[in-house]
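To start, the structure under review is shown below, and the notes come after it.
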Protein chains: 4
Amino acid sequence: MGPSSRPHGQRKRTFIEEARRAQIVSAAIDTVAEVGFAHASLSRIAQRAGISKGVISYHFSGKDELMDQVVEQVYSEIAEFVLPRIVEAPDERAALRAHILTVAEYMRGHREKLMALAGIFNGMQSPEGTSPRHRPMVAEPVYQGIEERLRTGQERGVFRDFDVRVMAVTLQASIDGMFAYWVTHPDHDLEAHAAELAELIDRSAR
Amino acid sequence: MGPSSRPHGQRKRTFIEEARRAQIVSAAIDTVAEVGFAHASLSRIAQRAGISKGVISYHFSGKDELMDQVVEQVYSEIAEFVLPRIVEAPDERAALRAHILTVAEYMRGHREKLMALAGIFNGMQSPEGTSPRHRPMVAEPVYQGIEERLRTGQERGVFRDFDVRVMAVTLQASIDGMFAYWVTHPDHDLEAHAAELAELIDRSAR
Amino acid sequence: MGPSSRPHGQRKRTFIEEARRAQIVSAAIDTVAEVGFAHASLSRIAQRAGISKGVISYHFSGKDELMDQVVEQVYSEIAEFVLPRIVEAPDERAALRAHILTVAEYMRGHREKLMALAGIFNGMQSPEGTSPRHRPMVAEPVYQGIEERLRTGQERGVFRDFDVRVMAVTLQASIDGMFAYWVTHPDHDLEAHAAELAELIDRSAR
Amino acid sequence: MGPSSRPHGQRKRTFIEEARRAQIVSAAIDTVAEVGFAHASLSRIAQRAGISKGVISYHFSGKDELMDQVVEQVYSEIAEFVLPRIVEAPDERAALRAHILTVAEYMRGHREKLMALAGIFNGMQSPEGTSPRHRPMVAEPVYQGIEERLRTGQERGVFRDFDVRVMAVTLQASIDGMFAYWVTHPDHDLEAHAAELAELIDRSAR
DNA sequence: TATGAATGAGAGTTCATTCAT
DNA sequence: TATGAATGAACTCTCATTCAT
């Protein structure tokens with residue numbers, strides 16, 4: 001059983017417990033980033049955190065909850081970093097550009113964290129052909145946020161009349177692809193790529 | 001040791017042996033497509049192929065080599081399907097459009113095979129921090145092929161003067177993203193998406 | 001160490017402490033009855049009692065002592081219920097009949113408590129080949145009580161000259177068997193069974 | 001995966017496989033008999049069999065199947081020993097007597113095997129309050145066999161008109177109780193107990 | 001060539017127990 | 001007295017790999 005013998009999840013947590021959870025999530029991020037989701041066992045994560053394996057089970061209901069927390073935290077951090085820059089953009093074209101450039105900026109500073117995110121998304125494939133649990137769950141709000149801005153831009157005449165869902169998917173995929181390419185080609189000029197990508201997207205949207 | 005007690009890999013293979021390898025690779029594709037890379041054990045693959053587990057170890061040096069072969073074969077099949085349609089395009093813009101539309105067409109007919117491919121890419125992250133083994137290995141020639149066409153188009157004045165590597169990476173990522181979205185949203189209109197994507201790419205390249 | 005840093009067991013206990021122990025024993029009974037001995041972890045018991053896990057370790061030297069207390073308490077309760085009815089019987093034959101019928105009556109009202117008892121007896125087999133700790137310890141006085149009555153009956157000519165120990169063991173086993181059958185066949189007519197069993201035993205003893 | 005990658009259970013088995021299964025079942029019996037079901041881990045069983053832990057998983061789908069096999073085998077052996085002696089009895093009263101005496105005889109020779117049986121029955125309590133899986137499954141045919149003989153005896157006027165189900169349950173419980181008593185009191189005279197019990201049952205049935 | 005059998009490491013989880021606060 | 005936190009061992013089960021036949 002976990003803390004207080006109450007179900008993990010919805011519950012007030014002590015300061016110490018939050019600290020431990022954060023520590024474990026952090027260790028999980030590092031581990032997944034380093035060895036990949038498939039090889040990120042609880043043993044390895046515990047080892048990296050310098051704690052016993054049982055502590056993880058004590059604080060999380062299982063590996064799934066831990067990985068959920070990892071995803072959630074990384075997403076939050078990205079949003080916290082990127083959203084303000086999008087909001088302060090003068091118009092929708094500038095916002096789109098800012099989106100791409102700011103994410104790239106975040107990538108440069110948090111390579112490993114993002115590798116973990118990718119690793120988890122990829123590694124999480126349920127057995128027996130059932131659809132992956134998280135990708136849509138997490139990605140859908142992201143798409144919707146992008147689409148809303150695109151639609152606003154279209155209404156204001158800033159953008160032409162394209163399919164906003166396709167554009168959103170393409171934008172997200174292009175950014176992910178930029179990251180993946182950079183990860184496998186560390187010498188690649190990320191900033192230049194981001195600028196170029198911003199130009200591509202801008203042209204396709206006008 | 002494998003056949004003739006010589007190392008797996010570089011060596012002339014008998015007809016029977018090639019048949020067995022093909023059979024196993026095929027079973028591996030189906031298995032990964034169905035249960036995901038993480039749950040595609042050699043047992044399951046052997047079971048699906050209707051052979052004993054040991055046969056796989058006999059014909060392949062290990063799970064890694066088997067998965068390499070899977071990737072290679074799927075890539076070949078895609079190329080075989082797509083390349084002719086690109087070649088017969090009247091100019092580079094048409095070729096780019098054909099590329100996107102033809103890949104989408106292939107996707108529609110080979111959903112599972114491609115899901116296996118994705119599953120393998122995702123699941124294959126080596127331990128100990130070594131970089132993923134395969135993505136670049138396989139993708140590089142693809143990028144180069146695309147870039148060459150893009151460059152030709154630029155020289156002929158069909159395309160404007162963008163960074164061909166960024167465009168190639170973006171194109172590939174957009175296509176992958178289209179597939180991923182379609183996989184998680186089976187009701188999504190793949191053909192319409194492809195057409196829209198072709199328009200986006202075309203605009204960004206002119 | 002427990003309260004006052006003195007060993008658990010032989011020692012005067014405060015009122016509060018006794019209350020806590022009773023509460024924990026009660027929760028243990030419910031838990032064993034519900035999920036079986038094997039799954040009745042201290043966590044679950046604590047959870048049901050609404051207390052922290054450590055409290056149990058504080059009040060009892062370990063799981064073993066707790067289960068000992070459970071057995072002891074349930075036995076006491078049964079005796080408290082059954083003995084008066086036996087005592088007020090006019091003769092030994094009536095007492096034997098009353099024994100069976102009253103126990104059945106208790107069973108009907110305390111199904112769960114008795115299931116816990118059975119669960120503990122069954123689950124408690126010590127490792128390393130040492131003989132089970134409790135069954136004889138608890139059952140011996142029960143047997144002796146029964147035997148004494150049987151012997152008295154024989155002396156008074158109410159019963160024939162059978163082996164009292166065998167009769168006592170058989171009686172106890174028959175009652176236990178009646179309970180076990182009723183537990184697995186809830187629709188079984190417990191009262192009718194008890195009456196029939198009383199008849200069987202009575203005939204075998206005359 | 002198990003042998004031939006086919007599901008454990010219904011399937012032709014090689015000689016070697018049967019031997020291994022028998023060896024493992026035997027080791028399981030010994031282990032349960034010695035340390036009790038609760039402490040009979042696959043590790044311990046494997047250790048006693050002198051094999052690796054994985055072998056058990058290779059030959060059995062899991063601990064459940066192994067224990068099922070143990071129960072099945074012990075039951076078969078008992079039946080094989082006892083049934084002939086019952087069949088050759090001249091009438092139903094003699095058959096009842098033979099039943100009790102022969103089972104006792106078997107007990108004397110197979111103390112440990114039977115302790116294992118008891119241990120498994122007892123230890124198998126499913127979680128969440130669902131009823132035990134096996135007891136009814138196995139016991140029901142036994143009851144029915146006994147009842148049939150009792151009924152025949154009643155029809156032929158050998159027995160009086162008692163409830164056959166209650167008598168069957170009581171008989172079985174008395175025999176189990178005799179065994180349990182003997183196990184905890186090794187100096188107890190098992191044969192005398194059996195003879196006395198036969199007398200008790202016979203009297204109650206006439 | 002192919003198989004069945006066996007291995008042993010490692011996976012996630014559960015749990016009784018200990019201990020500082 | 002009571003708690004939350006942590007431990008470490010034990011559990012069942014899965015798997016890639018090896019090897020004699």
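Residue numbers start from 1 in every chain, and the chains themselves are labelled A, B, ... in the order their sequence lines are given, proteins ahead of strands.
Qualifying side-chain hydrogen bond (donor to acceptor under 3.5 Å, both in side chains) partners for Glu18(C), counting only residues two or more places apart in sequence or in other chains: Arg13(C). Residues forming a side-chain hydrogen bond (donor to acceptor under 3.5 Å, both in side chains) with Lys63(B) (at least two apart in sequence, or on another chain): none. For Ser52(D), the side-chain contact (heavy atoms from CB on, under 4.5 Å) partners are Val55(D), not counting sequence neighbours. Applying the side-chain hydrogen bond (donor to acceptor under 3.5 Å, both in side chains) criterion to Lys53(A), with sequence neighbours excluded, gives no partner residue. Residues satisfying the salt bridge (Lys or Arg N to Asp or Glu O under 4.0 Å) test with Arg20(B), not counting sequence neighbours, are none. Every residue two or more places apart in sequence or in another chain was checked for a side-chain hydrogen bond (donor to acceptor under 3.5 Å, both in side chains) with Glu112(C), and none qualifies.
Rounding to whole angstrom units, CD1 of residue Ile45(C) and C1' of dT14(E) are separated by 14 Å. Ile56(B) places its CD1 atom 11 Å from the P atom of dT3(E), with the value rounded to the nearest Å. Per the geometry, CD belonging to Glu18(B) stands 11 Å off P belonging to dT1(E), to the nearest Å. Across the protein-nucleic acid pair, Arg21(B) atom CZ and dT1(E) atom P stand 13 Å apart, rounded to whole Å. Between Gln47(B) atom CD and dT3(E) atom P the separation is 14 Å, expressed in whole Å. Computed from coordinates, the Gln23(A) CD to dA5(F) P distance equals 13 Å when rounded to whole Å. As rounded to whole Å, 12 Å separates atom P of dA6(E) from atom CZ of Phe60(D). dA2(F) atom P lies 8 Å from atom CD1 of Ile24(C), rounded to whole Å.
Look at Arg20(C) and you won't find any side-chain N or O under 4.0 angstrom from OP1 or OP2 of dT1(F). In this structure, Tyr58(C) does not reach the dA2(F) phosphate: none of its side-chain N or O atoms is under 4.0 Å from OP1 or OP2. Residue Arg44(A) places none of its side-chain N or O atoms closer than 4.0 Å to OP1 or OP2 of dG10(E). The phosphate of dA2(E) (OP1 or OP2) has a side-chain N or O of His59(B) nearer than 4.0 angstrom.
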Between the protein and nucleotides 16-18 of chain F, list the N/O to N/O atom pairs that are separated by less than 3.5 angstrom.
{"residue": "dA16(F)", "atom": "OP1", "partner": "Lys63(B)", "partner atom": "NZ", "Å": "2.8"}
{"residue": "dA16(F)", "atom": "OP2", "partner": "Leu42(B)", "partner atom": "N", "Å": "2.8"}
{"residue": "dT17(F)", "atom": "OP2", "partner": "Lys63(B)", "partner atom": "N", "Å": "3.2"}
{"residue": "dT17(F)", "atom": "O4", "partner": "Lys53(B)", "partner atom": "NZ", "Å": "3.4"}

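Not a single donor-acceptor contact under 3.5 angstrom links the side-chain atoms of Thr14(D) to the base of dG4(E).
Each of Ser52(A) and Val55(C) was assigned the nucleotide of DNA chain F with the nearest heavy atom; the assignment lying further toward the 5' end belongs to Val55(C). Annotation: of the two residues near DNA chain E, Gly50(D) and Ile16(B), the 5′-most nearest-nucleotide partner is Ile16(B).
Applying the salt bridge (charged side-chain N to carboxylate O under 4.0 Å, His left out) test to residues at least two apart or on different chains, none of the pairs has a partner in residues 24-33 of chain D.
Going from atom CD of Gln69(A) over to atom CG of Leu66(A) covers 8.0 Å, rounded to the nearest 0.5 Å.
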Under a 3.5 Å cutoff on both atom distances, Watson-Crick or G-U, what's the dot-bracket for DNA chain F ([ ] crossing, | other strand)?
.||||||||||||||||||||
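The shortest distance between side-chain heavy atoms of Tyr58(C) and Ile24(C) does not fall below 4.5 Å. Taking the side chain as every heavy atom from C-beta outward, Phe60(C) and Asp68(C) never approach each other to under 4.5 Å.
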